[in-house]
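Reading through the structure tokens given below for one structure.
Computed from a prediction, not measured in an experiment: that's the story for all the values here.
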Amino acid sequence: MMIRSVRHKGLRRLMEDDNTAGLQPAVVPKLRRILSSLQDMEREAELLTVPTWKAHRLSGDCKDVWSLSVTKNWRITFRVDLDEDEIVDLNYENYH
């Protein structure tokens, strides 16, 4: 799937320029693997194939948002536009 929009500035720099500024150095390799996998993904169901991501949809007001675990507190979150087969509002956020 194509990633259409990225909200987190550090994540956007990593994708566009391979610049790691604004990201913790210890998580950069995992972020690269996640981004690469998301771009290679053909279907939303593929998110569930990597157990270490702990992929799940959020509930409540965020019911259409997917969450992938990066570290204990940090997550990659995004929505999937099924009509366009694109990932939108990709974000890297601290849940705590």
Side-chain angles (χ1 to χ4, degrees):
M1 288 190 174
M2 188 172 104
I3 297 174
R4 180 174 49 187
S5 58
V6 182
R7 298 178 71 185
H8 188 273
K9 291 178 185 178
L11 205 53
R12 187 178 319 114
R13 277 192 296 266
L14 181 65
M15 286 182 53
E16 294 174 355
D17 304 322
D18 199 30
N19 181 338
T20 61
L23 300 169
Q24 302 108 337
V27 299
V28 169
K30 187 169 186 177
L31 290 173
R32 282 189 173 125
R33 286 191 302 272
I34 289 173
L35 293 173
S36 177
S37 295
L38 290 176
Q39 290 172 325
D40 291 343
M41 181 174 76
E42 293 180 16
R43 284 180 226 91
E44 189 177 29
E46 293 176 48
L47 291 166
L48 302 172
T49 62
V50 184
T52 57
W53 289 354
K54 301 176 187 169
H56 64 282
R57 284 190 179 182
L58 301 178
S59 58
D61 292 339
C62 300
K63 68 180 181 179
D64 293 329
V65 177
W66 280 93
S67 174
L68 306 179
S69 177
V70 178
T71 66
K72 188 174 183 178
N73 293 343
W74 288 85
R75 306 284 184 269
I76 293 280
T77 59
F78 57 91
R79 291 182 302 108
V80 175
D81 181 340
L82 294 174
D83 294 332
E84 300 293 329
D85 284 331
E86 293 179 329
I87 292 171
V88 294
D89 298 330
L90 187 70
N91 202 3
Y92 180 53
E93 53 189 301
N94 186 344
Y95 271 9
H96 301 285

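Pairs engaging residues 1-49 under the ring-ring contact (aromatic ring centres under 6.0 Å, His included) rule: H8-Y92 [sequence neighbours left out].
Under a hydrophobic-cluster definition in which Ile, Leu, Val, Met, Phe, Trp and Tyr are linked whenever side-chain heavy atoms come within less than 4.5 Å, directly or via other members, V65 and I87 are assigned to different clusters. Linking ILVMFWY residues whenever their side-chain heavy atoms come closer than 4.5 Å, directly or via other members, places V27 and V50 in the same cluster.
Proximity of L11 to N91: side-chain heavy atoms (C-beta onward) are nowhere separated by under 4.5 Å. Within the 4.5 Å cutoff, the side chain of D18 has heavy atoms near those of the R32 side chain. Two residues are said to be in side-chain contact when any heavy atoms from C-beta on lie closer than 4.5 Å; L47 and M41 meet this criterion. Residues T77 and Y95 meet the side-chain proximity criterion, which asks for heavy atoms closer than 4.5 Å.
Taken from CE in M15 to CG in D17, the straight-line distance is 10.5 Å, to the nearest 0.5 Å. L68 contributes atom CG, which lies 15.0 Å from atom CH2 of W74 (distance to the nearest 0.5 angstrom). In this structure, CH2 on W66 lies 14.5 Å from CZ on R79, to the nearest 0.5 angstrom. Residue R7 holds its CZ atom at 5.5 Å from CG of D89, rounded to the nearest 0.5 Å.
In this structure, the side chain to side chain donor-acceptor pair (under 3.5 Å) partners of R57, at least two apart in sequence or on a different chain, are E44. A search for side chain to side chain donor-acceptor pair (under 3.5 Å) contacts involving R12 returns nothing, not counting sequence neighbours. For E46, there are no side chain to side chain donor-acceptor pair (under 3.5 Å) partners, not counting sequence neighbours. Listed by chain and residue number, nothing satisfies the side chain to side chain donor-acceptor pair (under 3.5 Å) test with D61 (two or more places apart in sequence, or in another chain). Every residue meeting the salt bridge (charged side-chain N to carboxylate O under 4.0 Å, His left out) condition with E86, not counting sequence neighbours, appears here in chain and number order: R4.
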